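Written out below as structure tokens is the structure these notes cover.
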Amino acid sequence: MIGANQYELTWSHFDGLHEDRKMAFENLCRSLFKNELCMDGVILHSDHNHPGVEVAPVLSKDGHTKISFQAKHFDNKIGYEQIKKSAQVAAGKYCGKLDVIYLYCNKDITETREPYKEIVKLLGDAGIRVELITGQTILDQAMNYPPVLSCYFGLDSLDDKWFQKNIDLSLENLGRRYNSLFNVDTEAQRNISLFLRENAGVVEVNSKKNDLISELKELRWRCDRKYKAEVNSLSKWAEDLEPININTFSDALNWKRWLENDCNDIFTKLESRLTSINKELQKCSYENPEYKNLRNEEFEIERILSVSSCISFSSIESTMLNSKVAIITGDMGTGKTQLMATAAKRMMENGRPTLLLLGQTFISDDSIEKQIIQNLEGLSSGQNFESIVATMDNMAELIGEDAIIFIDAINESKNRAVWKIGINRVMTTLEQYSHVKLVISLRTGFEELTLSQSMLDKKDAGDIALIRHTGFADDSPERIYEFLSYCGIPFSPEYYLHSEMTNPLFLTWFCNTYCGDEQGLLTLIDNVLEQADREGSIGAGMSESVGILKPLIYEMFDVSKNGTLTKQELLGLSAWNTYGVTNKIGYINAIERAGVLTSFVREKE
């Protein structure tokens, strides 16, 4: 819950919080305008083609009044000339096309002032009424919308820079588990694109329309003249079908029903004829020349009747498009982290509010929500999880896309019980906000140890999207070749005979230690550790490998009580003295770059 200590509802706080006050004020007014005044479901559009107002005219809640708004933020005195200039442009552009302009201003405007009366008359002559929403009234309206409060009057400025900083920190903490330069397309990648409703998902969905058009084109060529008219009508319908975009994803789920309803007469006629053919076939012997003609006609009709399947969606696809929460599972090394990290990076690049949280950083028994706040940089001590979600929701609503919270490898948390207990609270919080989605990943086999029974039930019922990442198993030959080629490893068909080669982690190790020979898993791990020790020794300023890494790892396991060590505990291990390594930091940094050790910041330590 967002409490009174989570925001400060004053204009002085607003001005101090936002670097670009004018843009922040415009976005604040846009949120209030949409929530308070616009018809439900309306999408606001603003660009250079809408001079004099902030957005193109839309319908008000009464369903017939055409409205828009102006947002005017002033640091000192009110700039009536600036307001008048916008009014003149709006009057010329929207005379007869706009009924009301709502004028938002952070300063209180006096309606009896002559400059304002001139503005009212100017717009009135164009048939446009002015409604003032200023000063304290704006603050009062903001109180009705928790996302607005958090976004514009919260304790911290959670802007794009803040989200980018935290994404960058998470990507850096992943080390070699994330490769920013290379990503292979997989079935899991295609599914997450649908869930996230990104451009690749748009292309995937619209390809179904293209499949329908192609199938009807083929039928038009194959069918005899008897059904040409029906196929032409269906083709016209398909060509007129509006392709989906980021904002209309859900419409695609209705395509099949729309086709069957709009072309019901055609399908009814064909089904009736099919029934007649079946009766005729019962009376017709196989030797009869008419039998073959009837069978051909039957095949043509059945194929026409089945065209709607081109634009149908599987239960998995439907769940991806409809769900608010997705779970990514897969065996160790299949690429779950790479999938999550690359998706989070894409979301940020596309301007969507995004968090990437790492399971390895959840190391206490505190609640999930508290640990999330602890793991984020640049937050005030009074900040809470819901205020972050509320801010993300408001930012996402402004751009017409969903904000995303990624939590990777929750099975790596110190105490998995906090997820079983707390994940329902997190989901309950997210359910209050329409524009925030959650993606979590965990290793296959940890579901019952980590997820609540409620979440497991929802997963089984199809209310939560499930993405199974199998590495390269689905498209192994092409994907293995692509991966090896990227790493400069010569192609050999024998590699496809080893099941381990469908695992991206194994492939990464294989490529990092490749010397021209085949190697099993244990040999591979030994080679990885030997190479990391060589890199660590060089990083520590030593002329040759000292062989400390394995003893160091064994001692880390002995000393660690919860799977993690503090920096001071790591530096205090006896192996350093035993093997004569004095530049400990240099060695640690090198093996971290090698992917053997993972570090993260927790409460500035």
Side-chain angles (χ1 to χ4, degrees), residues 2 6 18 23-24 27-28 30-31 34-35 43-44 145-171 192-202 245-247 249-250 320-328 339-358 368-369 372-373 375-379 383-408 423 425-441 464-465:
I2 299 175
Q6 299 304 133
H18 301 285
M23 180 56 70
N27 287 336
L28 164 64
R30 185 189 302 266
S31 293
K34 182 175 182 180
N35 284 295
I43 297 175
L44 302 181
Y145 305 100
V148 173
L149 280 177
S150 289
C151 192
Y152 300 104
F153 299 95
L155 300 178
D156 305 294
S157 178
L158 306 183
D159 55 11
D160 290 342
K161 291 181 180 178
W162 181 86
F163 283 101
Q164 186 65 62
K165 176 184 177 182
N166 278 282
I167 288 286
D168 290 342
L169 285 171
S170 292
L171 294 178
I192 201 170
S193 289
L194 286 177
F195 175 80
L196 297 175
R197 300 191 172 200
E198 55 183 328
N199 289 329
V202 171
N245 56 44
I246 293 292
N247 296 314
F249 249 106
S250 298
M320 293 300 156
L321 292 175
N322 284 326
S323 297
K324 192 177 179 66
V325 178
I327 300 172
I328 300 175
L339 179 69
M340 296 273 277
T342 53
K345 188 171 184 289
R346 284 197 311 275
M347 296 301 97
M348 277 305 304
E349 289 172 348
N350 293 331
R352 296 168 67 171
T354 305
L355 292 177
L356 174 60
L357 304 164
L358 310 181
I368 296 172
E369 298 93 328
I372 287 174
I373 296 301
N375 290 330
L376 293 171
E377 290 288 309
L379 293 179
Q383 193 66 267
N384 72 8
F385 175 65
E386 185 171 353
S387 64
I388 304 292
V389 174
T391 298
M392 296 178 72
D393 182 81
N394 188 81
M395 295 174 70
E397 183 179 22
L398 284 175
I399 62 174
E401 299 185 47
D402 292 321
I404 312 293
I405 299 175
F406 295 93
I407 310 179
D408 181 48
I423 192 64
R425 287 196 313 272
V426 171
M427 292 177 63
T428 298
T429 298
L430 294 179
E431 284 168 2
Q432 300 175 55
Y433 300 93
S434 305
H435 306 285
V436 184
K437 287 189 169 188
L438 172 67
V439 185
I440 62 174
S441 73
I464 289 177

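This structure is a prediction, so every number in the text was calculated from the model and none was measured.
E431 has no carboxylate O lying under 4.0 Å from a charged side-chain N of K324, or vice versa, which leaves the two without a salt bridge.
The side-chain contact (heavy atoms from CB on, under 4.5 Å) test applied to D156 returns L158, L379, S380, Q383, not counting sequence neighbours. Annotation: side-chain hydrogen bond (donor to acceptor under 3.5 Å, both in side chains) contacts of N35 (sequence neighbours excluded): none. A search for side-chain hydrogen bond (donor to acceptor under 3.5 Å, both in side chains) contacts involving D168 returns Q164, not counting sequence neighbours. Residues satisfying the side-chain hydrogen bond (donor to acceptor under 3.5 Å, both in side chains) criterion with T429, sequence neighbours excluded, are absent altogether. S250 meets the side-chain hydrogen bond (donor to acceptor under 3.5 Å, both in side chains) test with R197; sequence neighbours excluded.
Counting only N and O atoms by type, the side chains of Y152 and N394 include a donor and acceptor under 3.5 Å apart.
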Item checked: Worked verdict on E369 versus E386 for side-chain contact (heavy atoms from CB on, under 4.5 Å) -> CA-CA 8 Å; E369 298 93 328; E386 185 171 353; over 6 Å; no
Next item on the list: Apply side-chain contact (heavy atoms from CB on, under 4.5 Å) to I328 and V439, showing your working.
Entry: CA-CA 7 Å; I328 300 175; V439 185; 3.7 Å; yes
Margin query: Run the side-chain contact (heavy atoms from CB on, under 4.5 Å) test on V389 and I405 for me, step by step, so that the C-alpha distance in whole Å, both residues' side-chain angles and the decisive distance to 0.1 Å come before the verdict.
Written below: CA-CA 9 Å; V389 174; I405 299 175; 4.2 Å; yes
Check: Does the pair V426 and F385 meet the rule for a side-chain contact (heavy atoms from CB on, under 4.5 Å), with working shown?
Finding: CA-CA 9 Å; V426 171; F385 175 65; 4.1 Å; yes
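When every heavy atom of L358 is checked against every heavy atom of S170, the shortest pair comes out as CD1-O, 3.7 Å. When every heavy atom of L398 is checked against every heavy atom of R30, the shortest pair comes out as CD2-CD, 3.2 Å. Taking every heavy atom of both residues into account, I192 and A343 meet most closely at CD1-CB, 4.3 Å. Between A396 and A403, the shortest heavy-atom distance links the atoms CB-N, 3.5 Å. Residues A465 and F195 come closest through the heavy atom pair CB-CD1, 4.1 Å.
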Please report, to 0.1 Å, the donor-acceptor pairs under 3.5 Å made by any side chain of residues 349-357, with sequence neighbours excluded.
| residue | atom | partner | partner atom | Å |
| --- | --- | --- | --- | --- |
| E349 | OE2 | K345 | NZ | 2.6 |
| N350 | ND2 | R346 | O | 3.2 |
| R352 | NE | D402 | O | 2.9 |
| R352 | NH1 | L196 | O | 3.0 |
| R352 | NH2 | L196 | O | 2.8 |
| R352 | NH2 | D402 | O | 3.2 |
| T354 | OG1 | R352 | O | 2.8 |

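With values rounded to the nearest 0.5 angstrom, M340 atom CE is found 10.5 Å from I404 atom CD1. Put simply, CG on N27 and NE2 on H18 are 9.5 Å apart, with the number rounded to the nearest 0.5 Å. Note that the CG atom of N375 and the CG atom of L169 stand 11.0 Å from one another [nearest 0.5 Å]. The distance from the CG atom of N199 to the OG atom of S193 is 9.5 Å, given to the nearest 0.5 Å. Atoms OG1 and CZ, on T391 and F163 in that order, are 7.0 Å from each other to the nearest 0.5 Å. Here the CG atom belonging to D159 is positioned 7.0 Å from the NZ atom belonging to K161, to the nearest 0.5 angstrom.
Annotation: side chain of E397 is not in contact with side chain of L44 (no heavy-atom distance under 4.5 Å). Looking at I167 and M347, their side chains never come closer than 4.5 Å, going by heavy atoms from C-beta outward. Contact annotation: the side chain of S323 never approaches that of V325 to less than 4.5 Å [non-hydrogen atoms, C-beta and beyond]. At a threshold of 4.5 Å between non-hydrogen side-chain atoms, the residues P147 and Y433 count as touching. Considering only heavy atoms from C-beta on, N247 comes within 4.5 Å of I43 through its side chain. Between I440 and F406 the shortest side-chain heavy-atom distance does not fall below 4.5 Å.
Formation of a donor-acceptor pair under 3.5 Å by the D393 side chain with backbone atoms of H435 is found in this model.
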